[in-house]
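A short write-up of the structure that comes next.
Counting from 1, the numbers follow the sequence of the chain as shown. Since the structure is predicted, the reported quantities are computational estimates derived from the model, not experimental observations.
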Amino acid sequence: MANRLSQPCPCGYNGRQYKHNLYAMTDFSTINKSSSQSFNAQKRLIKDLFAGKTVPCRHCGKPLVASLPGAGETHLLGHIRCPKGCTDIELEVE
């Protein structure tokens with residue numbers, strides 16, 4: 001019996017061809033770029049804070065405060081917080 005469907009497309013199945021949506025790829029790369037920039041900004045903020053610099057909250061301008069768990073407290077997370085609560089970053093400490 002002959003196959004009545006066209007040859008399978010490398011990006012589809014069952015012989016159906018799908019159009020690539022270039023906008024979806026662009027949107028995804030934009031999300032990746034934004035996420036990467038946010039991660040790097042937080043990494044710089046943490047680095048500056050632990051280097052002893054005073055880092056203001058970007059929302060209210062109050063200085064951020066870091067708190068880390070003690071040596072035996074493995075179940076607690078570290079935090080970087082603003083006194084008003086507009087910034088709250090949880091830190092995983094190993």
- Query: Which pair of heavy atoms, one from L68 and one from L91, lies closest together, and at what distance?
  - Reply: CD2-CD1, 4.1 Å
- Item | Interatomic spacing from SG in C57 to NZ in K62 - rounded to 0.5 Å | 10.5 Å
- Query: Which heavy atom in C86 sits nearest to a heavy atom in C60, and how many Å separate them?
  - Reply: SG-SG, 3.6 Å
- Message: So which atom in I46 and which in I80 form the shortest heavy-atom distance, rounded to 0.1 Å?
- Response: CG1-CD1, 3.5 Å
- Item | Heavy-atom pair with the smallest gap, counting every atom of E92 and L77 | CA-CD2, 4.3 Å
- Does T87 reach the side chain of L45, with side-chain heavy atoms less than 4.5 Å apart? no
- Task: Mind checking the CG-CZ spacing from L64 to R58? Nearest 0.5 Å is all I need.
- Result: 10.5 Å
- Residue pair R81 / D88, side-chain heavy-atom distance below 4.5 Å: yes
